[in-house]
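First up is the structure itself, then whatever we jot down about it.
All heavy atoms count here, side chains included; hydrogens, waters and symmetry mates do not. Since we're looking at a predicted model, the values are computed, not measured.
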Amino acid sequence: MADNGSTMLVVSAHAGDFVWRAGGAIAAATMRGERAVVVCLSYGERGESASQWLQGKTLDEIKAIRREEASAAASALGAEIEFLDLGDYPLVESEDAVAKLVDVYRRVQPTVVLTHPLADPYNGDHPAAARMALQARVLAQAIGVANSDGSFPGKDDIIGAPPVFFFEPHQPEQSDFKPNVLLDITDAFPRKRAAMECLPAQKHMWSYYTDLAIRRGVQVKRNAGPNLGLPHETMGEAYMRYFPQVTGVLE
């Protein structure tokens with residue numbers, strides 16, 4: 001894969017979240033020759049692996065299964081992946097966890113960040129991940145904030161101010177999710193579907209997120225301005241931009 005200098009960082013609470021919510025954006029980026037790095041804060045081993053628990057698997061076995069599935073999904077999307085193994089249900093916010101994320105930001109140097117929205121009444125792990133991702137983004141910009149090993153960053157280690165996009169939660173109406181960015185993922189959707197099929201522990205999500213891509217694709221077409229020639233089978237993902245867009249041209 002060619003590297004054009006752009007890097008997408010995706011902060012995912014659990015091992016499957018990045019696939020359902022942002023798989024299209026990740027695949028589209030890597031297809032353009034950009035780098036994409038996924039950080040899974042947990043494996044979703046306690047709260048999102050019911051089928052494995054019902055089969056009598058142990059905690060360590062479930063972690064291994066989810067790690068393998070998520071790694072395969074990331075590969076299908078063309079992305080790199082790493083796991084912080086912070087535990088889930090609950091995913092506990094801590095200074096140590098944020099410090100590990102600061103290290104990730106400084107090492108990856110993202111030009112764009114994707115993560116969960118700040119509200120989700122059905123899963124507290126998701127907003128916890130978002131809060132830590134946002135806090136780490138700010139701290140990673142400060143040269144006076146030490147790395148997790150106690151050393152201080154050099155001038156080339158601190159990051160700029162990458163834009164942050166919240167991806168769509170499972171029940172957007174209950175999470176105050178009002179998308180202001182619609183992404184055309186038509187060309188990337190086959191890779192997203194392949195990544196979804198790497199997650200048999202949550203097979204019930206495959207059709208849900210395929211149908212959602214179709215519905216968001218309809219909205220992509222309806223909001224495409226003068227470009228009314230988009231194909232009928234347009235697929236889409238929805239996002240909320242957290243920080244203001246900086247631009248010299250309104251378009």
Notebook entry, point to check: So, D149 versus S151: side-chain donor-acceptor pair below 3.5 Å or not?
Noted result: yes

Margin query: I want to check something: taking the side chain as every heavy atom from C-beta on, are H126 and S175 in contact at a cut-off of under 4.5 Å?
Written below: no

Note to self: For F243, does the six-membered ring have the charged nitrogen or CZ of R137 within the cation-pi criterion, i.e. under 6.0 angstrom from the centroid and within 45° of the normal?
What the structure shows: yes

Which pair of non-hydrogen atoms, one from [X] and one from [Y], has the smallest distance, and what is that distance?
| X | Y | answer |
| --- | --- | --- |
| A70 | I81 | O-CD1, 3.7 Å |
| S94 | A97 | OG-N, 3.0 Å |
| A27 | A188 | CB-CB, 3.8 Å |
| Q109 | T7 | O-CB, 4.1 Å |
| W206 | E197 | CZ2-CA, 3.5 Å |

Item checked: Qualifying residue, where the test is ring pair (Phe, Tyr, Trp, His ring centres under 6.0 Å) with H116 and the options are F166, Y239, F167, F177 -> F167

Next item on the list: Take D96 and K100, measure what salt bridge (charged side-chain N to carboxylate O under 4.0 Å, His left out) needs, and give me the verdict at the end.
Entry: CA-CA 6 Å; D96 180 64; K100 290 178 180 178; 3.5 Å; yes

Notebook entry, point to check: Any chance CD of E68 has more than 12 other-residue heavy atoms, nucleotides or ligands included, within less than 6.0 Å?
Noted result: no

Notebook entry, point to check: Among H170, E237, K192, which one satisfies side chain to side chain donor-acceptor pair (under 3.5 Å) with Y209?
Noted result: H170

Item checked: Interatomic distance, R66 atom CZ to Y43 atom OH [nearest 0.5 angstrom] -> 11.5 Å

Note to self: As an exercise, state the distance from CD of E48 to CG of D125, rounded to the nearest 0.5 Å.
What the structure shows: 7.5 Å

Notebook entry, point to check: Would a distance-only check, ignoring hydrogens and angles, find a side-chain to backbone donor-acceptor pair under 3.5 Å from S49 to R46?
Noted result: no

